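Notes follow the structure.
As the structure is a computational prediction, the values presented were derived from the model and not from experiment.
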Amino acid sequence: MILNLRLTMESGQPPNFIWNKEGNKYFRYIDGEKCYIWYDNNLRCTEGFEEHVLKLLRAGDDLNKIYKKISTDAAIKRAIKNYRGLRVTLSDPWETLVCFICSINNNIPRIRKNVQSLMREGRVLTPEEILKADLSKCSLGFREKFLKETAELVLSHDFKKIGETDYKTAKQTLMEFPGVGEKVADCVLLYGYGFLQAFPIDVWIQRAMEKYYRKKKPAEIRKFAEERWGSCAGYANTYLYAAVRGI
DNA sequence: AGCCAGGGCGCTC
DNA sequence: GAGCGCCATGGC
């Protein structure tokens, strides 16, 4: 498996906010047990979590095949060369939603602080816990209201089922939640439900698309990305994001 | 002081 | 449907 673990865990995807680092190992608690991931000539993890880790890193994705499909031009070829082994991750949908509600008009270090403040015993608070908790110390700002109201609404939804519909239906459903617009929805669809055709458009992707492709308006960008990268647009997005940020 | 951060919402027109 | 100000907070 082609893998750069550091890039994958520290490039602004949900694991960047949820997992912690100890030396060159990453860890979090899963079902109350500490799970480590590290790279030692090969992907390693705490015994018993192999399946979980393979799912997190989307081990089934054939990166060579994906590289071939999205290598449409010099800009993205350069990004692939510079960030080879960066994988799109798949995290728990609710935890992913919490991450990207925290991300609204925020920066990566502070998103991480916010998300960590919403964790107990190595996991993100459940919707029920979010509703009961006093979040005034979490410094979420205006996002606290979004989070509380979304938690309330999630309770009346079959949240896992959102991923069982098609991309557009799932996106519409997610956008019913307070604080979830197109960008947050696409992030949750990509990193929480595994829809690789999702192409989240944030300020950095806008900069990348203008710089490399002279596309400025989100609607224009969305159409361009869909036609160009189709079912692998999410990978193209993740690489362009890394490239324009210089991660 | 002012701008920016993996934006969304509500209001205009 | 596009444009615009506002929304907390913290770092620079």
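- Comparing B:dG6 with C:dA2, their P atoms sit 25 Å apart, to the nearest whole Å.
- Rounded to an integer number of Å, the gap from CZ of A:Arg110 to C1' of C:dC7 is 13 Å.
- Under the 6.0 Å distance and 45° angle rule, A:Arg245 counts as a cation-pi partner of A:Trp204.
- Rounded to whole Å, the distance from CD1 on A:Ile201 to C1' on B:dG6 is 12 Å.
- As rounded to whole Å, 19 Å separates atom C1' of C:dC7 from atom NZ of A:Lys148.
- Of the residues in residues 123-145 of chain A, those placing a heavy atom less than 4.0 Å from an atom of DNA chain C are A:Ser139, A:Gly141, A:Phe142, A:Arg143, in numerical order.
- Proximity of A:Glu129 to A:Thr126: side-chain heavy atoms (C-beta onward) are separated by under 4.5 Å at one or more points.
- Rounded to whole Å, atom C1' of B:dC3 lies 13 Å from atom CG of A:Asn107.
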Exercise. Just by protein heavy atoms under 4.0 Å, how would nucleotides 8-13 of chain B read 5' to 3' in B, S and -?
Worked result: SS----
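- Atom CD1 in A:Ile108 sits roughly 15 Å away from atom C1' in C:dG11 (whole-Å rounding).
- Taking atom CD of residue A:Gln206 and atom C1' of nucleotide B:dA5, one finds them 14 Å apart after rounding to whole Å.
- Ring centers of A:Tyr67 and A:Tyr239: under 6.0 Å apart, within the cut-off.
- In this structure, A:Pro14 and A:Phe100 have side chains that are in contact, with non-hydrogen atoms separated by less than 4.5 Å.
- Using a 4.0 Å cut-off between charged side-chain N and carboxylate O, A:Glu227 and A:Arg222 make no salt bridge.
- By the criterion of side-chain heavy atoms lying less than 4.5 angstrom apart, applied directly or through intervening Ile, Leu, Val, Met, Phe, Trp or Tyr residues, A:Val124 is not grouped with A:Leu155; the two fall into different hydrophobic clusters.
- Here C:dA8 is the nucleotide among B:dC4, C:dA8, B:dG6 with the atom lying nearest to any side-chain atom of A:Asn105.
- When heavy atoms are screened at a 4.0 angstrom cut-off, A:Phe17 is found touching no nucleic acid atom at all.
- At a threshold of 4.5 Å between non-hydrogen side-chain atoms, the residues A:Pro93 and A:Tyr193 count as touching.
- Looking at heavy-atom distances under 4.0 Å, A:Asn237 makes contact with a base.
- The aromatic ring centroids of A:Tyr36 and A:Phe27 lie less than 6.0 Å from each other.
- Taking atom P on both nucleotides, B:dC3 is separated from C:dC4 by 16 Å, rounded to a whole Å.
- On the P atoms, C:dA8 is 16 Å away from B:dC11, given to the nearest whole Å.
- Both distances falling under 3.5 Å, in either a Watson-Crick or a G-U wobble arrangement, place C:dG10 opposite B:dC4.
- One atom, CZ of A:Arg112, and another, C1' of C:dG10, lie 17 Å apart when rounded to the nearest Å.
- Using a 4.0 Å cut-off between charged nitrogen and carboxylate oxygen, A:Glu95 and A:Arg123 do not count as a salt-bridge pair.
- As a whole-Å value, the separation of A:Asn106 CG from C:dG11 P is 11 Å.
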